[in-house]
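Scroll down for the structure; my scribbles are underneath it.
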2 protein chains.
Amino acid sequence: MAHRIVSDEVFLATALDLFRTYGFEGVSLKQLADATGLEKASLYYRYPGGKDAIAMAAAGEAVRWLQANVFDPLAGGGPPRKRVSLVAEKLREFYAGGLKACVMDVLSIRGGSEELQLGLKTAMQALTSAFAHVAKESGYGAAAARSKAEEAVVRLEGSLILARVLGDTACFERVLKGLPDLLTAPS
Amino acid sequence: MAHRIVSDEVFLATALDLFRTYGFEGVSLKQLADATGLEKASLYYRYPGGKDAIAMAAAGEAVRWLQANVFDPLAGGGPPRKRVSLVAEKLREFYAGGLKACVMDVLSIRGGSEELQLGLKTAMQALTSAFAHVAKESGYGAAAARSKAEEAVVRLEGSLILARVLGDTACFERVLKGLPDLLTAPS
DNA sequence: GTCTATAAAGAGATAGAC
DNA sequence: GTCTATCTCTTTATAGAC
């Protein structure tokens with residue numbers, strides 16, 4: 001077989017997609033190799049830590065995406081409500097309108113490394129903080145903002161599960177639509 | 001090794017616990033055998049369909065639990081608000097205060113049989129309908145009741161994920177506490 | 001109805017050629 | 001830096017004794 005060139009970016013995007021669909025235990029190295037066009041041995045060259053390391057790197061990709069498309073926009077300037085609307089649009093994209101699962105949901109099921117669990121926890125805390133920040137800027141007090149932020153994360157996660165189980169993304173869309181109202185204080 | 005006697009009820013309860021913790025792909029027949037005290041070959045005698053059949057039967061146990069502890073109480077008599085409070089208490093028990101995952105979440109990750117996925121979908125629809133029924137009885141119109149019911153399921157599922165990822169069950173407890181207010185119309 | 005034993009396939013992981 | 005080949009362990013699944 002000829003040598004293949006697969007950028008780390010493409011590799012990790014493919015890996016992340018597999019993990020989101022089948023979970024940590026549900027993805028094998030052969031699957032990862034086949035889906036990315038590399039051989040298993042090549043995966044070990046790139047990630048000597050094996051599947052644990054690949055999942056960790058894939059989750060890191062997701063966190064970087066969050067940083068660029070959610071955390072940064074929420075912290076940036078402009079009207080808070082506008083920022084939330086923009087982020088909702090980005091989230092719709094990331095979750096494919098509710099068809100793709102949340103990385104924090106799927107990868108938090110026992111099986112992956114402790115390091116991975118910790119990373120997911122940190123990411124979820126960061127997401128909550130980012131939501132709380134914009135809610136506070138919109139006029140809410142610190143405690144109320146925190147509460148609204150938690151509710152936003154709960155709704156996002158919950159609606160993604162309903163979408164997956166029911167095979168109907170309508171509830172996820174409703175949650176996205178309600179995000180600006182939920183996270184910004186009425187003026 | 002001497003013959004062991006393990007009732008189907010005990011076996012399925014143990015199996016369900018394993019599946020809730022590690023997911024479908026994360027549980028092996030050896031794990032199931034070790035945890036229940038039976039040998040793998042005995043599992044195939046009881047469930048010729050193998051792991052798929054065991055997961056299906058375990059999920060069936062969960063549905064029977066829902067029927068007895070959620071659907072029936074919600075449909076029964078008494079003040080709607082009282083019924084919801086009682087059910088919230090039962091749910092706290094079933095989810096061990098937020099420490100145990102939702103079967104519909106964990107088992108809906110691809111890997112199990114199509115039949116299992118369909119069963120989970122039916123269960124979630126039944127749960128939503130049961131919530132909607134009591135909400136309607138409390139005074140909400142059909143559409144509002146349906147909406148409140150969906151929100152309840154979303155919050156339950158979402159808060160269980162937050163609890164798992166963050167290692168903090170406080171949000172699940174808050175959702176349980178807010179369930180009566182959410183599902184019953186103010187008089 | 002449960003056991004021991006084993007088959008067959010798939011998993012993670014490594015060695016060494018190119 | 002990727003490949004082929006192989007190793008070891010685990011997994012699912014079955015055969016047959018008791």
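What you see is a predicted model, and the numbers here were worked out from it, not measured in a lab.
Side-chain N/O atoms of R46(A) include one lying less than 4.0 angstrom from OP1 or OP2 on dT2(D). Residue Y45(A) places at least one side-chain N or O closer than 4.0 Å to OP1 or OP2 of dG1(D). Taking side-chain N and O atoms only, K51(A) has a distance below 4.0 Å to OP1 or OP2 of dG12(C).
In this structure, the NZ atom of K30(B) is 22 Å from the P atom of dA9(C), given to the nearest Å. When rounded to the nearest whole Å, the span between CG of L32(B) and C1' of dA13(D) equals 14 Å. The distance from atom CG of L29(A) to atom C1' of dG10(C) is 11 Å, rounded to the nearest whole Å. Taking atom NZ of K40(B) as the reference point, atom P of dA7(C) lies 14 Å away to the nearest angstrom. As a whole-Å value, the separation of D34(A) CG from dA11(C) P is 10 Å. The nearest whole Å value for the distance from the CD atom in E25(B) to the P atom in dT10(D) is 18 Å. A straight line from CD of E39(A) to P of dG12(C) spans 14 Å, rounded to a whole angstrom. For Q31(A) and dA11(C), the CD to P distance is 7 Å, given to the nearest whole Å.
Using a 4.0 Å heavy-atom distance criterion, S42(B) is classed as a base contact. Note on I5(B): nothing from the nucleic acid sits closer than 4.0 angstrom, heavy atoms only.
Taking the centre of each ring, F11(B) and Y47(B) come in below the 6.0 Å mark.
A cation-pi arrangement is absent between K148(A) and F131(A) under the rule of less than 6.0 angstrom and at most 45 degrees off the ring axis. A cation-pi arrangement is absent between K100(B) and F94(B) under the rule of less than 6.0 angstrom and at most 45 degrees off the ring axis.
The side chain of Y44(A) sits closest to dG12(C) out of dG12(C), dT11(D), dC3(C). With dA13(D), dT4(D), dT4(C) as the choices, the nucleotide that has an atom nearest any side-chain atom of A41(A) turns out to be dT4(D).
With respect to R155(B), the salt bridge (Lys or Arg N to Asp or Glu O under 4.0 Å) criterion is satisfied by exactly one of E151(A), E157(A), E150(A): E151(A).
In this structure a side-chain-to-backbone donor-acceptor pair under 3.5 Å is missing from S42(B) to L38(B).
E25(B) has no carboxylate O lying under 4.0 Å from a charged side-chain N of R110(B), or vice versa, which leaves the two without a salt bridge. A salt bridge links R81(A) to D181(A): at least one charged side-chain nitrogen sits closer than 4.0 Å to a carboxylate oxygen.
Between the two ends of the helix from dG1(C)-dC18(D) to dC18(C)-dG1(D), each summarised by a five-pair axis, the helix axis turns through 0° (rounded to 10 degrees).
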